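Not measured: the values here are computed from a predicted model. Chain A is the first sequence line, chain B the second, and so forth, proteins listed ahead of strands; every chain is numbered from 1.
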Number of protein chains: 2
Amino acid sequence: MPHHAEEIAAAVTTRATLRDVAMLAGVSPKTASRVVNGETGVSPAKVNAVQRAVAQLNYRPNFTASALRRSTGRTAAIGAVLENVANPFSSALHRALEDVARSRDVMIFAGSVDEDPAREKILVQAFTARQADALVVVPASDNQAYLAHEITAGTPVIFVDRPPVGVLADAVLADNRAGAAAAVHHLVAHGHRDIGYLGDLSTIATAAERLQGYKEALSDHGIRPQPDHIVHDLHTEDAARAAALRLTTGRRPPTAYFTAQNLVTIGAIRALRELHQHEQIALVGFDDFPLADLLQPAVTVVAQDPFRMGLVAADLIFRRLDGQRWEPTTHLVPTRLIPRGSGEITGPHPRQS
Amino acid sequence: MPHHAEEIAAAVTTRATLRDVAMLAGVSPKTASRVVNGETGVSPAKVNAVQRAVAQLNYRPNFTASALRRSTGRTAAIGAVLENVANPFSSALHRALEDVARSRDVMIFAGSVDEDPAREKILVQAFTARQADALVVVPASDNQAYLAHEITAGTPVIFVDRPPVGVLADAVLADNRAGAAAAVHHLVAHGHRDIGYLGDLSTIATAAERLQGYKEALSDHGIRPQPDHIVHDLHTEDAARAAALRLTTGRRPPTAYFTAQNLVTIGAIRALRELHQHEQIALVGFDDFPLADLLQPAVTVVAQDPFRMGLVAADLIFRRLDGQRWEPTTHLVPTRLIPRGSGEITGPHPRQS
DNA sequence: ACGGATTTCGACAACGATGTCAACGCAGTG
DNA sequence: CACTGCGTTGACATCGTTGTCGAAATCCGT
């Protein structure tokens with residue numbers, strides 16, 4: 001159906017195209033395109049005519065069509081496969097990506113995986129089908145070999161928080177092992193030798209790393225970990241609370257806890273409160289959370305820096321998009337132990353020194 | 001440049017197109033398209049050949065090109081103009097949108113405005129340029145007339161948390177006025193008559209509504225609000241803390257506070273702690289926050305339900321996208337007062353009844 | 001006034017995909 | 001045997017935009 005002038009006038013209900021603008025301005029679509037894109041070499045008279053037509057028709061360029069035609073094919077969009085856009089870690093990461101992307105006029109597509117491996121693939125597919133220029137992935141599945149094709153096809157893929165398996169790619173990880181070890185060293189230094197471990201799903205790579213750090217640190221002090229004081233697979237606050245209740249009311253309860261994830265920390269705190277042990281039993285949590293400093297006692301944590309991780313990931317992405325080449329590299333972002341009170345409750349084995 | 005067979009074999013570095021698939025399978029692009037889209041009326045032999053070619057070339061359809069050609073032109077993407085993807089309100093809203101969108105295979109573009117009116121327009125532009133099928137907007141500017149064109153062009157636009165100005169559109173709002181009034185009634189019922197108000201930027205519509213509710217509730221009880229106990233434009237935790245410190249150490253300090261926003265609430269709590277007044281001065285905050293129940297005293301709040309607001313907004317969007325028509329409507333999502341302790345500290349005017 | 005350089009402009013094809021439609025092959029019918 | 005009808009298939013145009021390239025108009029210096 002050809003576009004006639006009278007149609008254009010009547011067509012307030014539909015979006016104007018460059019053809020419509022060109023027709024109204026009495027120029028070719030190509031010239032209209034030139035004006036819209038601010039190219040030089042168009043006579044002032046035509047520039048004016050096109051600009052008036054643009055305003056009159058409220059023309060908005062179709063960026064997807066433009067990207068399709070353009071040589072680079074860039075869509076100026078990055079896909080972020082996150083754990084859950086609503087949790088603080090993911091959303092801080094998301095925000096960091098956005099901040100860097102904003103300076104380049106790039107948008108972020110974000111989606112939540114909820115630890116569902118199938119969902120991870122679905123989201124990656126959805127983002128690649130929409131021609132995302134790059135992907136940021138917090139993997140939930142146990143293998144990301146399916147991403148090899150995207151990477152060889154030139155799409156930068158950066159893994160964040162958890163390392164890739166089955167494929168070589170850049171990764172930005174917290175130093176989970178060192179962070180967990182620091183927590184344990186801190187507790188031992190405050191006189192604890194019987195330190196309970198409460199952790200997330202053992203399928204999650206970071207959880208495994210933190211357990212490893214916990215065990216290594218204990219072994220550094222010649223302490224043999226008590227198997228029944230190590231509990232995995234606590235994926236909800238309530239599961240963590242139940243586990244902490246059980247351990248604390250058992251015979252020979254731990255004198256301190258290392259809680260290896262946010263919700264686990266909070267669940268454990270609830271349990272200790274209920275048992276009125278929160279001023280007696282020490283606790284260090286992995287991953288900081290808002291208001292940790294306002295609780296009684298304030299909660300000592302090993303803080304990650306998800307915002308910084310996002311900044312690093314975004315930097316890698318844009319360096320790759322700018323054409324830089326390098327071997328896939330893993331970047332460790334350090335953690336920081338923040339003593340606030342709960343981790344400084346002294347235990348029964350004060351240091352001799 | 002034409003696609004030759006040997007090019008296809010060598011072209012592992014570039015993304016395969018439907019042309020490549022068709023060529024390798026020995027069929028026309030149209031037939032390949034039919035197979036990829038699962039249309040009927042293709043002989044089993046060709047279906048097989050195409051599927052093999054798809055697998056061999058790791059073909060992934062270009063959804064943006066498809067959307068461009070398709071009659072509906074839907075991109076299966078919704079733009080969300082949020083306050084800040086990293087704050088709990090926005091991210092809960094975001095997540096609700098995602099949950100509903102997921103069931104329709106629709107993705108969410110999200111961006112943060114940070115209360116910057118210019119940024120609001122930029123994001124809307126970016127989303128419409130990318131042909132988002134619909135927009136969810138938490139406005140920060142004082143006028144959204146610029147969106148009228150999108151709406152008449154048939155793009156559903158739903159305002160959330162704050163009403164639109166200068167344009168008619170659906171809106172999903174918390175019942176700010178009633179919620180604020182409920183907080184004040186609650187405090188009065190516990191013996192308070194001198195209730196300080198600490199609020200966010202007065203340019204934000206919700207802040208104005210909450211102040212209005214506060215004033216009306218006071219007036220219902222025949223209380224004249226004290227002008228110097230009303231402080232606006234507290235947009236950071238620290239500004240709120242400073243204001244609470246100032247009011248509380250002034251002569252004739254309020255016996256209770258209504259803090260009209262999240263960070264303001266937390267800032268006020270910090271101030272009261274520092275002055276050791278947190279067990280003496282009552283406080284009700286607007287908007288719930290995690291761990292409010294673990295503080296000492298636990299914090300009484302008027303809870304909004306951003307997740308529900310997102311669900312309602314998403315429902316409106318998809319009903320519009322499905323072709324339903326109705327006059328723009330405002331949906332009020334009720335708030336809920338959650339007594340936890342800080343709001344039940346009794347004041348100097350216990351009720352006679 | 002002339003030739004050549006420069007500027008301005010539009011026709012055309014193409015990006016990757018699909019709607020339209022006509023052509024083809026093959027079976028069944030009169 | 002010619003004809004109809006159905007199921008397959010591909011040629012072509014098109015979505016909105018821009019890269020390429022040559023034509024036309026304008027400019028300059030001599």
Charged N to carboxylate O below 4.0 Å: is that the case for [X] and [Y]?
X: B/Arg102; Y: A/Asp114; result: yes
X: A/Glu115; Y: A/Arg162; result: yes
X: A/Arg119; Y: B/Glu98; result: yes
X: B/Asp322; Y: B/Arg104; result: yes

(message) If I compare all heavy atoms of A/Phe307 with all of A/Ala92, which pair ends up nearest, and what's the gap?
(response) CD1-O, 3.6 Å
Tell me which nucleotide among [options] gets nearest to the side chain of [X].
X: A/Ser43; options: C/dA17, C/dC9, D/dT9; value: C/dC9
X: B/Lys46; options: D/dG10, C/dC9, C/dT18; value: D/dG10
X: A/Asn62; options: D/dG16, D/dG10, C/dA17; value: D/dG16
X: B/Ser28; options: D/dA11, C/dC9, D/dG19; value: D/dA11
X: B/Thr17; options: C/dA13, C/dA17, D/dA11; value: C/dA17
X: B/Lys30; options: D/dA11, D/dT18, D/dT9; value: D/dA11

(request) Would you kindly compare B/Val27 and A/Glu39 by the position of their nearest DNA chain D nucleotide and give the one closer to the 5′ end? (result) B/Val27
(request) Select from A/Arg60 and B/Pro29 the residue whose nearest nucleotide in DNA chain D is closer to the 5' end of that strand. (result) B/Pro29
For atom [atom1] of [X] and atom [atom2] of [N], their distance in whole Å:
X: A/Arg70; N: D/dG16; atom1: CZ; atom2: C1'; value: 12 Å
X: A/Asn37; N: D/dG16; atom1: CG; atom2: P; value: 17 Å
X: B/Leu68; N: C/dC15; atom1: CG; atom2: C1'; value: 9 Å
X: B/Arg74; N: C/dG19; atom1: CZ; atom2: C1'; value: 18 Å
X: A/Leu18; N: D/dT14; atom1: CG; atom2: P; value: 18 Å
X: A/Arg15; N: D/dG16; atom1: CZ; atom2: P; value: 11 Å
X: B/Arg19; N: C/dC15; atom1: CZ; atom2: P; value: 7 Å
X: A/Asp20; N: D/dC15; atom1: CG; atom2: P; value: 10 Å

(message) Does the plane of the ring in A/His94 sit parallel, tilted or perpendicular to the ring in B/His94? Use 30° and 60° as the thresholds.
(response) tilted
(message) Given 3.5 Å as the limit, does a donor-acceptor pair link the side chain of B/Arg320 with the main chain of B/Thr155, or not?
(response) no
(request) Return one dot-bracket line describing DNA chain C 5' to 3' (Watson-Crick or G-U wobble pairs, both distances under 3.5 Å; ( ) same strand, [ ] crossing, | another strand, . none). (result) ||||||||||||||||||||||||||||||
(request) Check the surroundings of atom CZ in B/Arg60: do more than 12 heavy atoms from other residues, nucleotides or ligands lie under 6.0 Å from it? (result) yes
(message) Below the 4.0 Å mark, does D/dG10 have OP1 or OP2 next to a side-chain nitrogen or oxygen of B/Thr31?
(response) yes
(message) I'd like to know if B/Arg69 reaches the base of D/dG16 with its side chain, counting only an N/O donor and acceptor under 3.5 Å.
(response) no
